[in-house]
Amino acid sequence: MKVLITIRKTNTGKIQVACVRSTNERGGIGTSSTLPAFNPNAVAEVEEILRNLGVEEDSIQRNIALLRQVGPSELLKAADLEVPDDVLVENGFAA
């Protein structure tokens, strides 16, 4: 199923990873799931989750670098790709 994967920094500096699963062929409409916020020093864990979901390494590094520069609540699109439901569940996202 098509999934939009985003990351953002909260106003407390923690990192959130979210997925929106499309329920529409054209995307844009769907159900979302967000992991509990990670401490800023847990960047390696965030990178690992993104890798597990199939996000390309270049995109991961670029978004992590941008995340350090943006303000709170600014949403960064990490990827828009096909991710099986079982992979989402294995990485902590609700089915």
Side-chain angles (χ1 to χ4, degrees):
M1 183 166 289
K2 193 85 163 173
V3 176
L4 171 63
I5 303 165
T6 60
I7 57 175
R8 74 179 187 96
K9 186 172 26 175
T10 67
N11 59 359
T12 60
K14 293 187 175 188
I15 303 168
Q16 280 193 315
V17 180
C19 288
V20 177
R21 293 186 301 173
S22 177
T23 56
N24 179 335
E25 287 181 13
R26 296 183 181 154
I29 300 172
T31 58
S32 66
S33 180
T34 305
L35 295 179
F38 292 87
N39 287 325
N41 59 357
V43 172
E45 291 178 53
V46 172
E47 290 174 343
E48 186 62 28
I49 289 169
L50 295 174
R51 279 187 201 97
N52 291 343
L53 296 176
V55 179
E56 293 180 4
E57 191 65 33
D58 290 345
S59 179
I60 293 170
Q61 297 308 317
R62 182 176 55 253
N63 280 298
I64 295 298
L66 279 172
L67 194 62
R68 292 183 177 118
Q69 298 172 11
V70 299
S73 299
E74 197 164 330
L75 199 61
L76 300 175
K77 178 181 171 182
D80 192 6
L81 44 87
E82 295 287 330
V83 180
D85 285 343
D86 59 328
V87 173
L88 289 172
V89 171
E90 287 171 6
N91 285 282
F93 294 97

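None of these values were measured; they are calculated from a predicted model. Note: hydrogens, waters and symmetry copies are ignored here, and every other heavy atom, side chains too, is used.
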Kindly indicate whether the side chain of [X], heavy atoms from C-beta on, has any atom under 4.5 Å from the side chain of [Y].
X	Y	result
Lys2	Leu81	no
Leu35	Gln16	no
Val83	Phe93	no

Residues in side-chain contact (heavy atoms from CB on, under 4.5 Å) contact with Asp86, at least two apart in sequence or another chain: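 Only Pro84, Glu90 meet the side-chain contact (heavy atoms from CB on, under 4.5 Å) criterion with Asp86.
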For the pair Ser33 and Leu88, evaluate side-chain contact (heavy atoms from CB on, under 4.5 Å) and give the outcome as yes or no after the intermediate values. CA-CA 9 Å; Ser33 180; Leu88 289 172; over 6 Å; no
How far apart are the closest heavy atoms of Val55 and Ala78, and which atoms are they?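 Val55 and Ala78 have their closest heavy atoms at CG1-O, 3.8 Å.
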Over all heavy atoms of both residues, which pair between Pro40 and Gly13 is shortest? Give the atoms and the distance, please.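 Looks like CG-O, 3.1 Å.
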Side-chain polar contacts of residues 42-53 - donor-acceptor pairs under 3.5 angstrom, sequence neighbours left out - could you list them?
unit_1: Arg51; atom_1: NE; unit_2: Glu57; atom_2: OE1; d: 2.8
unit_1: Arg51; atom_1: NH2; unit_2: Glu57; atom_2: OE2; d: 3.0
unit_1: Asn52; atom_1: ND2; unit_2: Glu48; atom_2: O; d: 3.4
unit_1: Asn52; atom_1: ND2; unit_2: Asn91; atom_2: OD1; d: 2.9

Show me, pair by pair, the donor-acceptor contacts under 3.5 angstrom made by side chains of residues 65-76, not counting sequence neighbours?
unit_1: Ser73; atom_1: OG; unit_2: Arg8; atom_2: NH1; d: 3.2

Ser59: side chain to side chain donor-acceptor pair (under 3.5 Å) partners, not counting sequence neighbours: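 Result, side chain to side chain donor-acceptor pair (under 3.5 Å) vs Ser59: Asn63.
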Please name all residues satisfying salt bridge (Lys or Arg N to Asp or Glu O under 4.0 Å) with Glu82, sequence neighbours left out, ordered by chain then number.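 Partners of Glu82 by the salt bridge (Lys or Arg N to Asp or Glu O under 4.0 Å) criterion come out as none, since no residue qualifies.
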With sequence neighbours excluded, tell me which residues meet salt bridge (Lys or Arg N to Asp or Glu O under 4.0 Å) with Arg62.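 Not a single residue meets the salt bridge (Lys or Arg N to Asp or Glu O under 4.0 Å) criterion with Arg62.
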